[in-house]
Amino acid sequence: QVQLVESGGGSVQAGGSLRLSCAASGYIIGGACMGWFRQSPGKERVGVARIASDGSTTYADSVKGRFVITRDSAKNILFLQMTSLKPEDTAEYYCAAAEFRGRGVRCSTERKDFAYWGQGTQVAVSS
């Protein structure tokens, strides 16, 4: 049974930083396609960042240069380091993992590429 558990959310002022963590069980994050998504009230869940099996990363334009996705394969934890936070970054943040792995597996920041989801962690940025 795959479980993804996010932590690290909270309330910060604009310009501040947070590091989100996603601890995985029943799933090996090393070599997997994994991502971070966020959802604001009344809006769709959108991709923020993803890390592919080869370690390459992709970011939404809105967070490029401010957010960094990494993973610690030894500890089986995915991270999202968020800096220079803005009020518009306020959202529920979700960790996601792909069902399949290996060459040819599509890995983007689209929801359809991910089968497993965490319960979310709230981030609130005040101006």
Side-chain angles (χ1 to χ4, degrees):
Q1 181 181 357
V2 177
Q3 280 195 318
L4 303 173
V5 180
E6 301 95 335
S7 61
S11 298
V12 296
Q13 289 190 327
S17 300
L18 283 173
R19 188 176 78 158
L20 305 184
S21 300
C22 172
S25 59
Y27 188 93
I28 298 173
I29 70 168
C33 171
M34 299 200 69
W36 285 97
F37 289 72
R38 66 187 182 187
Q39 186 170 18
S40 302
K43 296 187 177 181
E44 291 188 355
R45 190 174 300 185
V46 296
V48 172
R50 71 85 167 136
I51 183 167
S53 59
D54 63 358
S56 62
T57 57
T58 299
Y59 298 92
D61 288 343
S62 60
V63 306
K64 278 181 183 176
R66 300 188 298 121
F67 290 12
V68 178
I69 184 172
T70 59
R71 59 181 158 208
D72 184 331
S73 297
K75 295 182 178 179
N76 218 37
I77 301 175
L78 181 74
F79 298 101
L80 183 69
Q81 179 68 50
M82 306 187 295
T83 60
S84 301
L85 282 162
K86 304 175 180 180
E88 51 263 45
D89 295 320
T90 295
E92 189 83 7
Y93 283 73
Y94 298 89
C95 167
E99 181 175 10
F100 303 107
R101 61 183 67 215
R103 281 188 175 183
V105 172
R106 176 186 158 95
C107 183
S108 72
T109 51
E110 296 184 31
R111 292 181 62 177
K112 62 183 179 181
D113 290 348
F114 299 89
Y116 305 110
W117 296 84
Q119 83 291 347
T121 185
Q122 180 68 36
V123 171
V125 184
S126 58
S127 58

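Source: prediction; values computed, not measured.
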Salt bridge (Lys or Arg N to Asp or Glu O under 4.0 Å) assessment of Asp61 paired with Lys64: CA-CA 5 Å; Asp61 288 343; Lys64 278 181 183 176; 3.0 Å; yes

ILVMFWY cluster, [X] and [Y] together (side-chain gap under 4.5 Å):
| X | Y | result |
| --- | --- | --- |
| Val125 | Phe37 | no |
| Ile29 | Tyr116 | yes |
| Met34 | Val48 | yes |
| Met82 | Ile77 | no |

Check residues 7-26 and write down every donor-acceptor pair under 3.5 Å in which the side-chain atom is one partner and the other belongs to a residue at least two apart or another chain.
none

Min side-chain heavy-atom separation Ile28-Arg101 under 4.5 Å: yes

Sub-4.5 Å side-chain heavy-atom contact between Thr70 and Ile51: no

Treating [X] as the side-chain partner and [Y] as the backbone partner, does any N or O pair qualify as donor plus acceptor under 3.5 Å?
| X | Y | answer |
| --- | --- | --- |
| Ser53 | Cys33 | no |
| Glu6 | Cys95 | yes |
| Trp36 | Phe79 | yes |
| Tyr27 | Asn76 | no |

Shortest non-hydrogen contact from [X] toward [Y]:
| X | Y | result |
| --- | --- | --- |
| Glu92 | Gly120 | OE2-C, 3.2 Å |
| Ala91 | Arg38 | CB-CB, 3.8 Å |
| Gly30 | Ser73 | CA-OG, 3.4 Å |
| Tyr94 | Gln119 | CE2-O, 3.5 Å |
| Arg45 | Gln39 | NE-OE1, 3.3 Å |

From CA spacing to verdict: side chain to side chain contact (heavy atoms under 4.5 Å, CB included), Thr90, Gln122: CA-CA 8 Å; Thr90 295; Gln122 180 68 36; 4.2 Å; yes

Separation between CD1 of Ile69 and CG of Leu78, rounded to the nearest 0.5 Å: 4.5 Å

Inter-residue atom distance Thr58.OG1 - Arg50.CZ, 0.5 Å rounding: 3.5 Å

Aromatic ring pairing Phe67/Tyr93, orientation class (parallel under 30°, perpendicular over 60°, tilted between): tilted

Arg66 NZ/CZ over Tyr59 ring centroid, <6.0 Å and within 45° of normal: no

